[in-house]
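Note that this is a predicted model, so its numbers are computed, not measured.
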Amino acid sequence: MDSDTLLARITDYANRPNPYPLYAELREAGPVVRQAAGSYLVGTYHEIAALLHDPRMSVDPRIRGETTHKPPFLRLDDPEHHRLRTLAMRPFGPPHSPGRVDAMRGEIDQLTEELMEPFQAGRQIDIVDDFAYPLPVTVICRLLGVPREDEPLFREWSDAIVASADVRPEEDSTERDEAGDQARSEMGRYLVDLAEKRRGKPSDDLLSAFANEPDPARRLTQEELAETAVLLLIAGHETTVNLITNGVLTLLRQPEHLDQLRREPDLLPRAVEELLRYEPPVHMRERIPLADIDVAGTTIPEGTSVVLALASGNRDPKRFHEPDRFDPTRPDNQHLGFGSGIHLCYGAPLARIEAQAALGALIPHLGTARLVQDPPPYRQNAMLRGPRHLPIHL
């Protein structure tokens, strides 16, 4: 088949269970492959890493007129991206709040234990609905200060926002984009209202920290607070759901490694890094060149869509030894699972803690578990790839 249809085939739902042969085809076709619809696809590790660090590559959708309103900082370029990311980081992590994420380890372990209670021999469990979704959404809601009874509201909003962020060539996305905008707006209003209730009554959560920032120069506007809080909520749980679920699926398919991790629990942090490489929660990222740019001898014109296939780069044999083999002891694992450059996932420390806690709790119960369905049903989204359900029999 022609290489100029690769993106269409990678995003075709029929290939969701196993897009890796298509990524191998992409790497064979060259570091850069022009697609029939006019976009460019990049699938090799070193070229992707270089483009993620290239200031001429923009993430701002307003450049192509895709939106008029200001996007969250994830979709902004420096210096505006740096300003908002720095403000968002102040109450979340180092250097201003270095202990916040680490201090949640105990609470995350406790939540994990609570979710494990129904896991009894002879039962059928859906790893997504019963475990991998509720854990990170509860953690991020508590971090932000969302009341427990309101947590269910976020699933519907999240689904609509994530669907609108997908990469789907040659498809009219107007309806999906409108639904995403509406969900983002409703969630943003809800979170701003919550933050306003904390103004002058500080509590130990992020919304309170944003609302009660004493320095006017470091205060987020209402619009910025809405966009930032929505981004934290979506990015804070969607990718972690995939990381945990893909981890369970990989280990059930490879019982020798499941046994290895049961015998050597100290390997778990390295195993999580290997999962981020082998089955990453985010498969693609889009960029827009601000000027004509040369990549490995191909000129990519200014203003075109460039899709960086992170999951393909993670399986590049020019960077990783035996890349199609899952190896929890893999050394020098500089994967692209959290991206790279200025847009490196800033929730990465929290995602690592959650995945280690989740898999550490699950592994002892998975020895006699079996998959009810393999491959399981996948989510529609090709960019945030992971099972929609993962039924297992204990």
Within 6.0 angstrom of Glu175 CD, more than 12 heavy atoms from elsewhere: no

Min side-chain heavy-atom separation Leu194-Asp150 under 4.5 Å: no

Whether His257 and Phe326 hold their rings parallel, tilted or perpendicular, with breakpoints at 30° and 60°: perpendicular

Distance-only donor-acceptor check, side chains Thr138 and Arg142, under 3.5 Å: no

Ser58 and Asp60 side chains, donor-acceptor separation under 3.5 Å: no

Pair Glu274-Arg330, salt bridge (charged side-chain N to carboxylate O under 4.0 Å, His left out): steps then yes or no: CA-CA 7 Å; Glu274 176 67 342; Arg330 185 179 294 277; 3.1 Å; yes

Ile288: hydrophobic cluster co-members (side-chain, 4.5 Å): Ile63, Leu290

Six-ring centre of Tyr346, Arg85 cation under 6.0 angstrom, axis tolerance 45°: no

Worked verdict on His237 versus Phe154 for ring-ring contact (aromatic ring centres under 6.0 Å, His included): CA-CA 11 Å; His237 77 270; Phe154 288 94; 8.3 Å; no

Geometric class of the Phe119/His365 ring pair [parallel <30°, tilted 30-60°, perpendicular >60°]: perpendicular

Test side chain to side chain donor-acceptor pair (under 3.5 Å) applied to Thr298 - qualifying residues, sequence neighbours left out: none

Distance, nearest 0.5 Å, that separates CG of Leu233 from OG1 of Thr228: 12.0 Å

Neighbour count above 12 (heavy atom, 6.0 Å) for Gln254 CD: yes

Heavy-atom side-chain proximity of Leu51 to Ile293 below 4.5 angstrom: yes

Evaluation steps, ring-ring contact (aromatic ring centres under 6.0 Å, His included), between Phe73 and His82: CA-CA 8 Å; Phe73 66 80; His82 178 72; over 10 Å; no

Partner residues of Tyr378 under the side chain to side chain donor-acceptor pair (under 3.5 Å) criterion, sequence neighbours left out: Arg385

Asn212 (side chain) donor-acceptor with Gly200 (main chain) under 3.5 angstrom: yes

Test applied, side-chain hydrogen bond (donor to acceptor under 3.5 Å, both in side chains); reference residue, His335; option that passes from Arg319, Arg277, Glu273: Glu273

Residue pair Glu256 / Gln260, side-chain donor-acceptor N/O under 3.5 Å: no

